[in-house]
Amino acid sequence: MTTVITNANVFNGVDNQLQENVSLLIENNVITQIGDVDLSLASEIIDAKGGTVMPGLMDAHVHITMSAPFHELDKMTREEVAIRSAKVAEGMLMRGFTTVRDVAGNTLGLKNCIDNGYATGPRILPSQAAISQTCGHSDYRQNQAQERTGIHEDSPLMKTGAFKVADGRSEVLRAVREQLFMGASQIKMMAGGGASSTFDPLDTIQYTLNEMKAAVEAASDYGTYVAAHIHTADAMRRAAEAGVMSFEHATIMDDDIAKTIKDKGIFVIPSYFTSSLIAERKIPLGNEALYQKTERVGKAMFKSAELIKKYDIQNICFGTDCVGTLDVHKTQSEELQAIETVFDSLTALKMVTSNCGRLFEMSTYKHPYQEGKLGQITEGAYADLLIIEGNPLNGVSCVTNTETQKLIMKDGVVYKNTL
Ligand SMILES: [Zn+2]
């Protein structure tokens with residue numbers, strides 16, 4: 001199968017200007033030529049009508065299996081969770097997200113179904129279970145905590161493989177290796193207090209340096225890296241020392257840790273849209289203590305954005321962290337607009353394409369998609385692309401608006417075409 005896209009301008013995922021009036025040759029699932037393409041090669045021609053071809057969107061922080069608040073997920077059968085997850089995944093692809101990194105959830109089966117054509121959704125880089133210390137951010141035994149602590153019984157949600165508790169070097173090593181065994185392309189661990197969890201104050205540092213190093217060692221021996229949920233500067237300092245390479249949220253920075261992040265090339269995945277919602281108390285949480293924690297991180301994230309600018313941290317990626325119903329997951333695209341407001345259009349576009357591509361390459365041979373580049377429009381890249389009416393460099397609203405987002409292609413297959 002060869003497809004030629006004609007009459008296109010290209011945003012390649014990196015540069016601040018479009019490559020104008022070119023054609024793209026797509027052979028099966030890979031872009032093989034950009035420029036003047038011989039149309040006689042085409043079995044199918046798509047006229048972009050002067051629209052912008054850009055890389056498919058990428059989200060580095062999703063929870064596909066979390067289609068409801070945790071206490072509701074606890075009551076669902078596994079089939080229910082799986083079917084709902086498939087619906088969440090389909091929604092992501094139809095918003096233009098062609099690759100996502102799942103950072104807590106048993107997504108391997110869904111990933112396989114999508115890759116083999118039994119379900120519709122983005123490419124998935126699974127982390128499988130997020131690993132937490134006892135009384136850490138994802139020790140979700142909180143419903144009936146007393147009974148569960150007495151006999152060390154995981155909650156139903158933990159039993160689905162979304163979260164795993166491990167303490168001490170040997171348990172951490174085993175937990176990391178279990179996730180790798182289950183197909184994780186990177187490891188997610190909880191390195192400090194959480195805003196949405198009940199038992200761990202925000203300022204807690206979770207995992208000793210030794211335990212965290214154990215996770216990093218087990219991951220790097222398998223060619224990959226650790227991504228850590230983390231809010232405070234002190235927790236970030238310890239994680240940086242341990243060799244953690246992806247800071248999720250990274251909300252409460254100071255100058256010292258911002259410098260370290262820059263020097264070590266650590267990736268930062270903020271979520272400005274979700275932060276603005278929680279700072280304004282627009283997400284129902286149930287109790288005042290949780291509101292106070294979330295308000296604090298929600299406000300801090302915007303201050304940290306100033307440090308990201310001050311130290312010119314380029315390793316920043318788009319991540320949404322949506323947990324909840326389909327309506328919550330639908331807010332995924334709003335983050336692009338939020339980033340544009342905090343930074344600028346080009347930064348937002350790079351964060352949602354090529355920067356994620358670079359982050360995901362840290363999975364080396366554990367990266368599930370090895371045939372081409374992701375997050376770029378270049379020769380040799382996967383044919384994961386959008387055609388947008390308008391120039392996204394002049395404002396990202398044309399990317400998120402379903403009217404002007406004309407075509408969605410993943411792996412060379414067209415999922416939407418309103419050209
Ligand atoms: Zn998360």
Side-chain angles (χ1 to χ4, degrees), residues 58-71 73 81 85 88-89 92 97 100-107 122 124-133 136-140 142 157-158 160-165 179 184-198 200 202 204 206-207 225-232 235-236 239 244-252 267-279 283 285 290 293-294 296-298 300-301 304 316-325 328-329 331-332 334-335 338 351 356 359-360:
M58 302 167 94
D59 191 332
H61 195 119
V62 302
H63 300 291
I64 298 181
T65 58
M66 295 176 187
S67 59
F70 295 145
H71 63 276
L73 286 169
V81 173
S85 305
V88 171
M92 287 178 176
F97 287 84
V100 300
R101 186 182 65 156
D102 192 281
V103 284
N106 187 357
T107 54
I124 300 174
L125 282 85
S127 306
Q128 296 299 105
I131 301 166
S132 166
Q133 67 173 46
H137 176 49
S138 67
D139 183 351
Y140 276 108
Q142 52 197 1
L157 181 58
M158 293 165 80
T160 66
F163 303 120
K164 170 98 186 161
V165 169
Q179 307 322 308
S185 36
Q186 63 288 318
I187 296 301
K188 169 77 180 295
M189 78 189 299
M190 305 304 193
S196 60
S197 44
T198 309
D200 55 329
L202 206 54
T204 53
Q206 297 178 13
Y207 279 126
Y225 66 97
V226 172
H229 155 99
I230 204 156
H231 284 295
T232 67
M236 285 190 256
V244 171
M245 285 305 290
S246 177
F247 284 0
E248 313 303 306
H249 323 306
T251 38
I252 311 171
F267 281 82
V268 175
I269 295 87
S271 303
Y272 298 108
F273 180 72
T274 311
S275 294
S276 61
L277 284 188
I278 58 183
I283 293 178
L285 295 171
L290 289 184
K293 286 211 284 187
T294 52
R296 187 172 153 214
V297 300
M301 193 169 279
S304 294
I316 42 174
C317 292
F318 180 100
T320 49
D321 203 13
C322 294
V323 171
T325 60
V328 176
H329 284 278
T331 65
Q332 186 177 27
E334 308 276 346
E335 178 65 12
M351 284 174 72
C356 279
L359 166 65
F360 298 169

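Computed from a predicted model, the values in this text were never measured in an experiment. Just so you know, ligand 1 is whichever comes first in the structure, and atom 1 is the first atom listed for that ligand.
Below 30°, between 30° and 60°, or above 60°: for His249 and His229 the angle between ring planes is above 60°, a perpendicular geometry.
Taking the Zn ion (ligand 1) as the apex, the angle formed with NE2 of His61 and NE2 of His63 is 100°, to the nearest 10 degrees.
Asp321 has its closest N, O or S atom to the Zn ion (ligand 1) at the position named OD1.
Taking the six-membered ring for Trp, Tyr225 and Phe267 have ring centres at least 6.0 Å apart.
A donor-acceptor pair under 3.5 Å is absent between the side-chain atoms of Tyr207 and the main chain of Met190, judged by distance alone.
Using a cut-off of 2.8 Å, one finds that Glu248 contributes no N/O/S atom close to the Zn ion (ligand 1).
Of the candidates Thr320, Thr274, Ile269, His61 forms a side chain to side chain contact (heavy atoms under 4.5 Å, CB included) with just one, namely Ile269.
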